[in-house]
Amino acid sequence: GAVVSQHPSRVICKSGTSVKIECRSLDFQATTMFWYRQFPKQSLMLMATSNEGSKATYEQGVEKDKFLINHASLTLSTLTVTSAHPEDSSFYICSARAQPGQGYNEQFFGPGTRLTVL
Amino acid sequence: QKEVEQDPGPLSVPEGAIVSLNCTYSNSAFQYFMWYRQYSRKGPELLMYTYSSGNKEDGRFTAQVDKSSKYISLFIRDSQPSDSATYLCAMREVSGGYQKVTFGIGTKLQVIP
């Protein structure tokens, strides 16, 4: 149990385009989903937290108009990188935390999406 | 000073060795402690989590928490080449509502056959 998927696994795009990344919890309902980015040899950096049906909470320094997050259902959250630039190239990872009572107390991570902006 | 300190390594050990991975932290409010394993170009996988101080064992893995020293450890017995990965410690406070997890930078482990 506790499987989280992400799509796509890898994307290459031109500067100025927008990219959407999907995160799904496959076998549990996720009250909360988290979006992280990870640069080489650096730790996971939390970008934002999304709760189903409400606006995402962004960490300090993360532009909410650039990184659009939608958490439309208990199993799906999307991150859209708008007007992507080369400095947005990174490894984006989502994680999900189950609703209370489902037996999973911690975050489970997706496999990540490697974004390369040319 | 970072909230969580972790030596990035790399740490190279021969197959069969006992591996010790460690993190220190500064926030005394941390109560939940986790270890994640991350293979190259993959998302982190939860290995173990413990609440407050003490030991927890799961197969070849043992997690230890010493809150008095603000120090946590992960031991891997009989290490295998398949254990080669980056190991991240993580921790969070216990409080109502949203609980942010703070991660260490990760220690890269290589187990040599």
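Computation of the quantities below employed the complete heavy-atom set of this structure, encompassing side-chain atoms and omitting hydrogens, waters and symmetry-equivalent molecules. None of these values were measured; they are calculated from a predicted model. Residue numbers begin at 1 in each chain, while the letters A, B, ... track the order of the sequences.
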Would a hydrophobic clustering, with Ile, Leu, Val, Met, Phe, Trp and Tyr connected at side-chain separations under 4.5 Å, put [X] with [Y]?
| X | Y | answer |
| --- | --- | --- |
| A:Val4 | A:Leu46 | yes |
| A:Phe67 | A:Trp35 | yes |
| B:Trp35 | B:Val13 | yes |
| B:Phe33 | B:Val19 | yes |
| A:Ile69 | A:Tyr92 | yes |

Non-hydrogen side-chain atoms of A:Ile93 and B:Lys42 separated by less than 4.5 Å: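 Side-chain contact under 4.5 Å: no.
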Part of B:Pro8 within contact of chain A (heavy atom distance under 4.5 Å):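 The answer is neither part of B:Pro8.
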Toward chain A, the part of B:Tyr36 with a non-hydrogen atom under 4.5 Å: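 Just its side chain gets close to chain A.
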Greater than 12 external heavy atoms within 6.0 Å of A:Lys64's NZ: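 No, because the 6.0 Å sphere around NZ of A:Lys64 holds 12 heavy atoms or fewer from other groups.
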Interface residues of residues 62-75 of chain B facing chain A - heavy atom cut-off under 4.5 Å: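 Checking residues 62-75 of chain B against chain A gives no residue, so none.
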Within residues 22-31 of chain B, residues adjacent to chain A where the heavy-atom gap is under 4.5 Å: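 Those residues of residues 22-31 of chain B which would need a heavy atom under 4.5 Å from chain A do not exist here.
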Residues 101-113 of chain B side chain polar contacts: donor-acceptor under 3.5 Å, at least two apart:
unit_1   : atom_1 : unit_2 : atom_2 : d
B:Thr107 : OG1    : B:Gln6 : NE2    : 3.3
B:Thr107 : OG1    : B:Asp7 : O      : 2.4

A:Gln107 vs B:Tyr49, side chain to side chain contact (heavy atoms under 4.5 Å, CB included): CA-CA, chis, key distance, verdict: CA-CA 11 Å; A:Gln107 296 181 40; B:Tyr49 73 89; over 6 Å; no
Pairing residues for A:His7 by the side chain to side chain contact (heavy atoms under 4.5 Å, CB included) criterion, not counting sequence neighbours: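 For A:His7, no residue satisfies side chain to side chain contact (heavy atoms under 4.5 Å, CB included) once neighbours in sequence are set aside.
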Heavy-atom pairs under 4.5 Å with chain A, option from B:Glu45, B:Arg41, B:Met34 with the top count: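 Heavy-atom pairs under 4.5 Å are most numerous for B:Arg41.
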Max heavy-atom pair count under 4.5 Å with chain B, selected residue of A:Gln38, A:Arg10, A:Met45: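 With the most close heavy-atom pairs to chain B, the winner is A:Gln38.
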